Amino acid sequence: MTAEISLVDTLKANLRQGGIFIAFVAIVALFWAFNPDTFLSSGNLTNIVLQYSYILILAIGMLFVIVLAQIDLSVGSVVAVTGALSGVLVIRHGYPWWVGVIAALVMGILIGAFQGFWVAYVGIPGFIVTLAGMLLFRGLTYQVLDNVSLSPFPKGYYNIANGFLNGLLGGNGFDVFTLVIFGIGVAGFAYQQLRTRRARISYNQAVEAMWLFIAKIVVIGIVVMWFAYKLSIERGLPIVLILLAILVLVFGTLASSTMFGRDVYAIGGNKSAAALSGINVKKVTFWCYVNMGFLAGVAGVVYSARMNGAQPSAGNMFELDAIAACFIGGASTTGGIGRLSGALIGGLIMAVMSNGMQLMGASTSTQQIVKGAVLLLAVAFDVWNKQRASA
């Protein structure tokens, strides 16, 4: 008979991930208390999705790098240079908008391969390689743009980060299509959780109590559908949210259900043991950086589309947001530990803090101080959690 885990034991076993969810709820409640009429309004929630989607996109790629026990400090500069390339091709030379998108993605992949080569096959630490890349690609951005901004992009490109799908299924005061898509997502999540539970039971592994399992699904479903309703009464389903959902599904599957994902965690947990077990450490490391470069290219397209232009200063400090999202979301500073769901929640925390402090009229300096303090506390919690586990 399979043992069921109580609520208290579940919280203890998932202290790292459970704590981040509690922190996220507390931060949302705090900013809602300061801005009850604005913070959770449909307009502001839609704005958060549009304005900060790049954080989540970068956090997906950064998670793989951090779990590998590496780092990438160049993502902000890669966002800038890929957006700059799109701007030059589409705005200055008049190519179709999709040519700019493809060029940005290809450039991101090439940059990832370039940096991955130095880290994986030459053996230079990722910190040094990407620090050099941060300077190199920022300088390249200035050269590509001749130190001037380019705008505007054509409507097709602009809609990547600013467009909406609505009215496809009608609705009176709300968009039915948005609710249907989110409903399908909730049903898919519930089915995936049920399959995972049944698989654990089949292997005689302990699972959470049934009432707790059902309660978790119901609460998540209510929150998600409430969020969907808020979007549906505003402008409908943001196109960038569809793009983000696709990336989460693809890379979530890559992390949890493929040999590559298992290899990444194995290398991050113990590089020497992974190599002795037959894992090609250099190859996995190389492709992690290629993956990061690709997602930085996606973020470059999304950000330039959101700004409706290519800017020399684009992507400034984006690496902080991406790295902080992963560490706040429970990734370990020493590698081998981290979940995609945690990185996404960490990214949402960064987005909510930025949005909430802007609504409160906080200065840029105050925002940076708060973000730095939150990052420090997240890493301190990781260290404390390790010490508690080893005690």
Side-chain angles (χ1 to χ4, degrees), residues 20-60 158-169 171-186 189 218-249 299 302-303 305-308 321 324-325 328-329 341-362 367 370-371 374:
I20 191 61
F21 281 100
I22 294 172
F24 177 63
V25 172
I27 290 172
V28 170
L30 175 65
F31 285 119
W32 175 75
F34 280 106
N35 301 279
D37 298 327
T38 307
F39 184 67
L40 293 181
S41 66
S42 57
N44 191 55
L45 291 176
T46 299
N47 180 62
I48 290 175
V49 172
L50 299 178
Q51 191 72 26
Y52 300 104
S53 56
Y54 72 87
I55 296 179
L56 302 182
I57 294 171
L58 291 174
I60 294 172
Y158 175 82
N159 282 340
I160 293 174
N162 299 281
F164 295 84
L165 295 179
N166 53 48
L168 299 180
L169 298 177
N172 185 16
F174 60 90
D175 181 49
V176 174
F177 177 75
T178 300
L179 296 179
V180 169
I181 294 298
F182 272 85
I184 293 173
V186 170
F189 171 76
V218 170
V219 170
I220 292 176
I222 290 173
V223 172
V224 170
M225 293 311 297
W226 170 83
F227 177 69
Y229 176 74
K230 284 288 190 176
L231 294 181
S232 73
I233 63 176
E234 182 63 17
R235 285 177 282 179
L237 184 61
I239 293 175
V240 71
L241 192 58
I242 298 174
L243 172 62
L244 182 60
I246 293 172
L247 292 176
V248 170
L249 287 174
V302 169
Y303 186 76
R306 176 60 181 168
M307 296 295 102
N308 199 22
D321 291 330
I328 292 172
S341 59
L344 294 175
I345 294 296
L348 288 174
I349 286 178
M350 296 296 292
V352 166
M353 287 196 305
S354 296
N355 178 263
M357 287 188 288
Q358 287 173 10
L359 291 177
M360 293 172 61
Q367 294 181 41
V370 171
K371 288 181 180 180
V374 170

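Quantities reported herein were computed from a predicted structural model and do not represent experimental measurements. Quick note: residue numbers are just sequence positions, from 1.
- When all heavy atoms are compared, the tightest approach of S232 to L179 is OG-CD2, 4.1 Å.
- Counting heavy atoms from C-beta on, the side chains of L348 and V28 never come closer than 4.5 Å.
- Contact of the I239 side chain with the I160 side chain is not registered, since no non-hydrogen atoms from C-beta on lie closer than 4.5 Å.
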| Between I242 and I246, does a side-chain contact (heavy atoms from CB on, under 4.5 Å) hold up when you go through it step by step? | CA-CA 6 Å; I242 298 174; I246 293 172; 4.2 Å; yes

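- The closest side-chain donor-acceptor pair between D175 and T178 falls under 3.5 angstrom.
- Residues S42 and I233 share a closest heavy-atom pair of CB-CG1, 3.9 Å.
- How far CD1 of I349 is from CD1 of I27: 4.5 Å, rounded to the nearest 0.5 Å.
- Taking both residues in full, the closest heavy atoms of G236 and F164 are given as O-CD2, 3.7 Å, listed atom of the first, atom of the second, then distance.
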| Steps toward side-chain contact (heavy atoms from CB on, under 4.5 Å) verdict (Q51, N355) | CA-CA 9 Å; Q51 191 72 26; N355 178 263; over 6 Å; no

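- From L56, atom CG reaches atom CD1 of I345 across 9.0 Å, with rounding to the nearest 0.5 Å.
- By the 4.5 Å heavy-atom criterion applied to side chains, L40 and N44 are not counted as neighbours.
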| Can you check side-chain contact (heavy atoms from CB on, under 4.5 Å) on D321 and L58, steps first, answer last? | CA-CA 8 Å; D321 291 330; L58 291 174; over 6 Å; no

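- Here the straight-line distance linking atom OG1 of T38 with atom CH2 of W32 works out to 12.5 Å at 0.5 Å rounding.
- The shortest distance between side-chain heavy atoms of L241 and F182 falls below 4.5 Å.
- Heavy atoms from other residues, nucleotides or ligands lying under 6.0 Å from CZ of F34 number 12 at most.
- Closest non-hydrogen pair, I55 versus A325, comes out as CG2-CB, 4.5 Å.
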| Full working for side-chain contact (heavy atoms from CB on, under 4.5 Å) between L244 and I57 | CA-CA 7 Å; L244 182 60; I57 294 171; 4.0 Å; yes

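- Side-chain contact check for V49 versus E234: every heavy-atom pair is 4.5 Å or farther apart.
- Taking the six-membered ring where the residue is Trp, F174 and Y229 present tilted rings, their angle falling between 30° and 60°.
- Within the 4.5 Å cutoff, no side-chain heavy atoms of I220 are placed close to those of V186.
- Here the shortest heavy-atom pairing between Y52 and S354 reads OH-CB, 3.7 Å.
- The CG atom of L50 lies 5.0 Å from the CZ atom of R306; values are rounded to the nearest 0.5 Å.
- M357 and Q367 get closest at one heavy-atom pair: CE-CA, 3.7 Å.
- Taking the six-membered ring for Trp and thresholds of 30 and 60 degrees, F39 and F31 have ring planes inclined between 30 and 60 degrees apart.
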